[in-house]
Protein chains: 2
Amino acid sequence: MFEIIAEPNRRAILGLLVSSEQSVGEIERRLRMPQPTVSKHLRVLREAGFVESTVDAQRRLYRLRPEPFQEMDDWLEQFRRFWSGHVDKLERYLDRMDQMTQKKRKTK
Amino acid sequence: MFEIIAEPNRRAILGLLVSSEQSVGEIERRLRMPQPTVSKHLRVLREAGFVESTVDAQRRLYRLRPEPFQEMDDWLEQFRRFWSGHVDKLERYLDRMDQMTQKKRKTK
DNA sequence: ACGGAATATACGTGTCAAGGCATATATAGG
DNA sequence: CCTATATATGCCTTGACACGTATATTCCGT
């Protein structure tokens with residue numbers, strides 16, 4: 001999942017789709033990306049579950065699926081706790097205490 | 001930044017460091033990862049700003065820096081709006097309306 | 001059927017990053 | 001200084017993946 005969004009073009013595509021579903025051609029024009037490139041990235045995104053597509057005549061419309069984003073959000077959650085103000089400062093304080101304790105042991 | 005966390009070993013390292021700062025050896029033992037591998041990944045993480053290190057005799061202690069996580073969180077924010085309940089349902093509804101309108105145009 | 005629009009996919013190429021192994025470097029104690 | 005511990009880095013290999021070009025496939029109107 002994280003490997004998927006590591007690619008900048010795919011992030012750009014996702015950024016477009018968050019507004020509304022779009023066809024390959026629309027993505028192509030808005031991002032100035034060659035059509036085969038668009039299709040290839042969309043395939044990756046589709047297979048990874050980030051998007052789903054529907055057929056509209058010759059057009060394929062792509063839209064976001066929320067699940068992978070929720071999973072990423074879950075992963076990020078642990079770090080959010082880490083960086084929220086109070087916890088952050090306390091952790092650093094305790095780490096410093098811990099270091100001092102260890103240094104005392106070493107010098108013994 | 002996203003390319004950094006695309007690598008599973010690095011995510012694992014970050015997952016360890018969220019609890020408390022650690023030395024290379026501790027990471028090595030907890031993740032059962034060869035020492036040079038740990039060092040290499042830590043270097044990548046350090047250069048990308050995810051971690052910072054301090055020296056404790058022969059040991060290098062690594063700890064998290066919050067900024068990259070905050071940036072990722074910001075990026076995810078747009079999708080959070082997308083998947084929050086009400087907006088999500090409304091969007092889908094509007095998309096369906098949009099599709100119907102287009103189909104009517106086509107058949108005209 | 002044919003032609004056109006839209007898109008998916010095949011094929012080939014070049015780049016790059018992860019991992020393994022070896023070695024260099026940093027720090028401290030005796 | 002020597003020895004020990006801890007870690008960083010060099011070198012090489014290899015597989016993954018993005019991209020460009022070409023072609024195949026899907027769908028529809030006439």
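Chain letters run A, B, ... following the sequence lines, proteins first, then strands; residues in each count from 1.
One interatomic measurement links the two molecules: CG of A/Leu45 to C1' of D/dC17, which rounds to 14 Å at whole-angstrom precision. Taking atom CD1 of residue B/Ile13 and atom P of nucleotide C/dA18, one finds them 11 Å apart after rounding to whole Å. With rounding to whole Å, B/Glu3 atom CD is found 14 Å from D/dC17 atom C1'. Rounding to whole angstrom units, NE2 of residue B/His41 and P of D/dT7 are separated by 16 Å. Rounded to whole Å, the distance from CG on B/Asp56 to P on D/dT5 is 17 Å. For the pair A/Met33 CE and D/dG20 P, the computed distance is 10 Å after rounding to whole Å.
With sequence neighbours excluded, no residue forms a salt bridge (Lys or Arg N to Asp or Glu O under 4.0 Å) with A/Arg46. For A/Arg80, the salt bridge (Lys or Arg N to Asp or Glu O under 4.0 Å) partners two or more places apart in sequence, or in a different chain, are A/Asp73, A/Glu77, B/Asp73. Listed by chain and residue number, B/Arg11 satisfy the salt bridge (Lys or Arg N to Asp or Glu O under 4.0 Å) test with A/Glu3 (two or more places apart in sequence, or in another chain). In this view, A/Val44 and A/Ile4, A/Arg10 satisfy the side chain to side chain contact (heavy atoms under 4.5 Å, CB included) rule, not counting sequence neighbours. Judged as a side chain to side chain contact (heavy atoms under 4.5 Å, CB included), and not counting sequence neighbours, the contacts of B/Glu28 are B/Gln35, B/Val38.
In this structure a side-chain-to-backbone donor-acceptor pair under 3.5 Å is missing from B/Glu67 to B/Gly49.
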Taking protein heavy atoms under 4.0 Å as touching, what does nucleotides 6-16 of chain C look like 5' to 3' if B marks base contact, S marks sugar-phosphate-only contact and - marks none? SBBBBB-----
